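What follows is a short report on a single structure.
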Amino acid sequence: QVQFVESGGGLVQPGGSLRLSCTSSLFTLDDYAVAWFRQAPGKGREGISCISSTDRTKYYMNSVEGRFTISRNKAANTVDLQLNSLKPDDTATYYCAAPSLKYGRCPTPDANEFARWGQGTQVTVSS
């Protein structure tokens, strides 16, 4: 059963921007730490950003810090990821995920720490 739904992916030129959104009809996202992962062809799934449930602390992978911004929209029940200054290396399928327990801080950025996932949205950065 799909627990999260991601949207907002697409084809964009280098230097461009996209805004990804993660929502759920099953869960109140504000109750969970929510992370964004990505997986490029032939590579493992890497955690790129996370926002905690408790104190709204935000974490970013080094290669995206300063370019990507994670945020919550409580009214819309979404966790969004603003992607700016996109590079071809950002091309991947992007997933949102949450651990099984509520009201927690962000786990380590290991996919095995996250029990709830969406099906992903494709981001392609190409000229």
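Bear in mind that the values here come from a model prediction, so they are computed numbers and not experimental data. The figures here come from the full heavy-atom set of this structure, side chains too, leaving out hydrogens, waters and symmetry mates.
When all heavy atoms of Gln39 and Ala92 are compared, the closest pair comes out as O-CB, 3.4 Å. Here the closest heavy-atom approach between residue Glu6 and residue Gly120 is recorded as OE1-N, 2.8 Å. Considering all non-hydrogen atoms of both residues, Thr23 and Leu29 come closest at CA-CD1, 3.9 Å. Between Tyr60 and Ile70, the closest heavy-atom pair is OH-N, 2.9 Å. Nearest heavy-atom pair, Pro14 versus Ser127, reported as atom, atom and distance to 0.1 Å: CD-N, 3.7 Å. Counting all heavy atoms, side chain and backbone alike, Pro99 lies closest to Arg116 at O-NE, 3.7 Å.
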Inset, instruction - Check step by step if side chain to side chain contact (heavy atoms under 4.5 Å, CB included) holds for Ser7 and Leu20. - result: CA-CA 6 Å; Ser7 63; Leu20 308 183; over 6 Å; no
Inset, instruction - Verify side chain to side chain contact (heavy atoms under 4.5 Å, CB included) between Leu83 and Asp90, making sure each step is shown before the conclusion. - result: CA-CA 9 Å; Leu83 285 58; Asp90 295 318; 5.8 Å; no
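Annotation: Tyr32 is not in aromatic contact with Tyr103 [ring centroid separation under 6.0 Å not met]. Under the 6.0 Å cut-off for aromatic ring centres, Trp36 and Phe68 do not qualify, their centroids lying 6.0 Å or more apart.
Residues Gln3 and Gln119 form no side-chain contact, since every pair of their non-hydrogen atoms from C-beta on lies 4.5 Å or further apart. Between Met61 and Phe37, every side-chain heavy-atom pair lies at or beyond the 4.5 Å cut-off. Looking at Ile48 and Tyr94, their side chains come closer than 4.5 Å, going by heavy atoms from C-beta outward.
Between the side chain of Thr91 and the main chain of Val125, a donor-acceptor pair closer than 3.5 Å is present. Remark: the backbone N or O of Asp31 is not paired with any side-chain donor or acceptor of Thr28 at under 3.5 angstrom. No side-chain donor-acceptor contact under 3.5 Å links Ser52 to the backbone of Arg105. Using a distance-only test at 3.5 Å, with no hydrogens or angles considered, a donor-acceptor pair links the side chain of Asn77 to the main chain of Phe27.
Placement of Tyr59 and Val64 in two distinct hydrophobic clusters is found when ILVMFWY residues are connected by side-chain heavy-atom separations under 4.5 Å, directly or transitively.
Residues Asp80 and Arg72 are not paired through a salt bridge, judged by the lack of any N-O separation under 4.0 Å between the basic side chain and the carboxylate. The pair Asp30-Arg56 meets the salt-bridge criterion, since a charged nitrogen lies less than 4.0 angstrom from a carboxylate oxygen.
For the atom pair Arg38 CZ and Leu81 CG, the distance stands at 9.5 Å (nearest 0.5 Å).
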